Amino acid sequence: MTETATAGSDTAEQRHGAEIVLDSVTKHYPGQRDPAVEEFSITIPAGEIVVFVGPSGCGKTTTMRMINRLIEPTSGTITIDGRDVSGINADRLRRSVGYSIQQAGLFPHLTVARNIATVPGLLGWDRKRISARVDEMLELVGLEPGTFRRRYPRQLSGGQQQRVGVARALAADPPVLLMDEPFGAVDPITRGLLQDELLRLQADLHKTIVFVTHDFNEAVKLGDRIAVLGDRSRILQYDTPAAILADPADDTVAGFVGADAALKQLTLTRVADVDLGQCPTAIESDTPDALRAVLAEREWKWGLILDAQRRPLRWVSADHLAHAATLREAGQPVAGTVALRASLQEALETLLADSTAHAVVTGRRGEYAGLIAIDTLVTHLSVMRDEHSSDTTDSADDAASDPDAPSPDRPTSGEAKP
Ligand SMILES: Nc1ncnc2c1ncn2[C@@H]1O[C@H](COP(=O)(O)OP(=O)(O)OP(=O)(O)O)[C@@H](O)[C@H]1O
């Protein structure tokens, strides 16, 4: 972080995240027997979202607040973009590090506009620039400026307050954003929407975001990396969500991950990233003969009837076709489809609702793109486990030297046989 960035001008470096390094940081609160944080070391890469997750009281908030010196460490060093924060004036530092907390922490006596304008005002921006920035920030977080500028926090829903909190934290375009359970006080649906918005914002902004939560699902959804913390902020595991889900470092982390690790893993992969299966298809204006022949000849149980734009309509079996004169009425409706951009967990939900136990995948215009079968998901999970397993190298070596060893599973390609 540079002085220029601190002063809030539009430099290139200001618009990108900054690396944060904590080195042997300890916090011992006066009068306490044990330190709240002990010898904590971590490197938070520029432009990534790193989530601190751990049980209540383990020291997450204390650790995070030392980054912007809301809490002063007892020992150790913290640098942002190579600069030791202890050498930066604390007020100046806080203006260059966005901070968003549970229940938004808005000033109740100030309008939404003045709340968002707080840091730009402190940085001495002129009125016109601040006003334009307030509108830009409100639009960024999905609130219409004409409606929301003049409201007070009490006139907003919890989710709207959180959005304003995020807008305020981003207003001076800080390279670093600290978020302490920012979505903890809203209902699960709003929470999901706010998480989606944060990911959408981050895709454009590339801030360095340190995010504290109790909720491992939230950590998996938001984190480029997750630091699972134990007592005194001891790092139990620091890795990507995929690696932690596939190979928890110990029983404590496994307990945190939960019994449904596999389901959580499925949220991390998009349908477009696995090989899709295929089945015979026909356009509904075709005669049944060709499809009937393919099903019989290649022993497919099901074929798929598409409309003229190749959008999936119905599943048909050989029985359905036995006496059908046309494809227009034959078969049973496809229960639901899943888009290429959807997650494998959504694909699982779709296939569980489908009578043929397949998820029909569609492209951007709803056209048929392929199928996902349960085998595709099982194989994918097994590949993920192999990739992240701590003894991957050993088993790969073993397999290479043993000609009878089974070949490792890979995602199915080509044909699924519905
Ligand atoms: N000002 C303080 N004085 C003394 N002890 C404190 C102070 N603030 C926090 N602590 C103690 O330090 C430890 C870590 O607290 P901290 O708030 O950092 O944990 P946390 O992981 O963020 O907890 P939670 O998830 O419940 O917010 C706790 O045992 C807490 O009681």
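Both ligands and their constituent atoms are indexed starting at 1 by order of listing. In this chain, numbering begins with 1 at the start of the sequence shown. Keep in mind that what you see is a predicted model, and the values were worked out from it rather than measured.
- In this structure, the protein non-hydrogen atom closest to atom 18 (O) of ligand 1 is Thr62 OG1, 2.5 Å.
- Each of Asp23, Val21, Leu22 was evaluated against Val25; a single residue qualifies, Leu22, per the side-chain contact (heavy atoms from CB on, under 4.5 Å) test.
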Let me see the working for Arg149 and Thr111 under side-chain contact (heavy atoms from CB on, under 4.5 Å), right down to the final yes or no. CA-CA 7 Å; Arg149 257 182 159 271; Thr111 61; over 6 Å; no

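- At least one heavy atom of Gly57 lies less than 4.0 angstrom from ligand 1.
- Heavy-atom contacts from other residues, nucleotides or ligands closer than 6.0 Å to CZ of Arg150 number 12 or fewer.
- When only non-hydrogen protein atoms are considered, atom 10 (N) of ligand 1 lies nearest to Tyr29 CE1, 3.3 Å.
- Between the side chains of Asp84 and Thr77, no donor-acceptor pair of N or O atoms lies under 3.5 Å.
- At the top of the distance list for atom 12 (O) of ligand 1, counting protein heavy atoms only, stands Ala36 CB, 3.3 Å.
- We find the CD-CD distance between Gln155 and Gln161 to be 10.5 Å, quoted to the nearest 0.5 Å.
- Side-chain contact check for Ile226 versus Val220: some heavy-atom pair is nearer than 4.5 Å.
- For ligand 1, the atoms lying closer than 4.0 Å to a non-hydrogen atom of Gln32 are 4 (C), 5 (N).
- For ligand 1, one of its N or O atoms has an N or O atom of His214 under 3.5 Å away.
- Two residues are said to be in side-chain contact when any heavy atoms from C-beta on lie closer than 4.5 Å; Tyr238 and Ile44 meet this criterion.
- What sits closest to atom 26 (O) of ligand 1 on the protein, heavy atoms only, is Ser56 OG, 2.6 Å.
- Interface of Pro55 with ligand 1, defined as ligand atoms under 4.0 Å from a residue heavy atom, comprises 21 (O).
- Close approach to Lys60 involves these atoms of ligand 1, each under 4.0 Å from a residue heavy atom: 18 (O), 19 (O), 20 (P), 21 (O), 22 (O), 25 (O).
- By the definition of a contact as any protein heavy atom under 4.0 Å away, atom 31 (O) of ligand 1 is not in contact.
- Around CZ of Arg270, the count of heavy atoms belonging to other residues, nucleotides or ligands within 6.0 Å does not exceed 12.
- In terms of N/O distances under 3.5 Å, ligand 1 is approached by Gly59.
- Regarding atom 17 (O) of ligand 1, its nearest protein heavy-atom neighbour is Thr61 CB, 3.8 Å.
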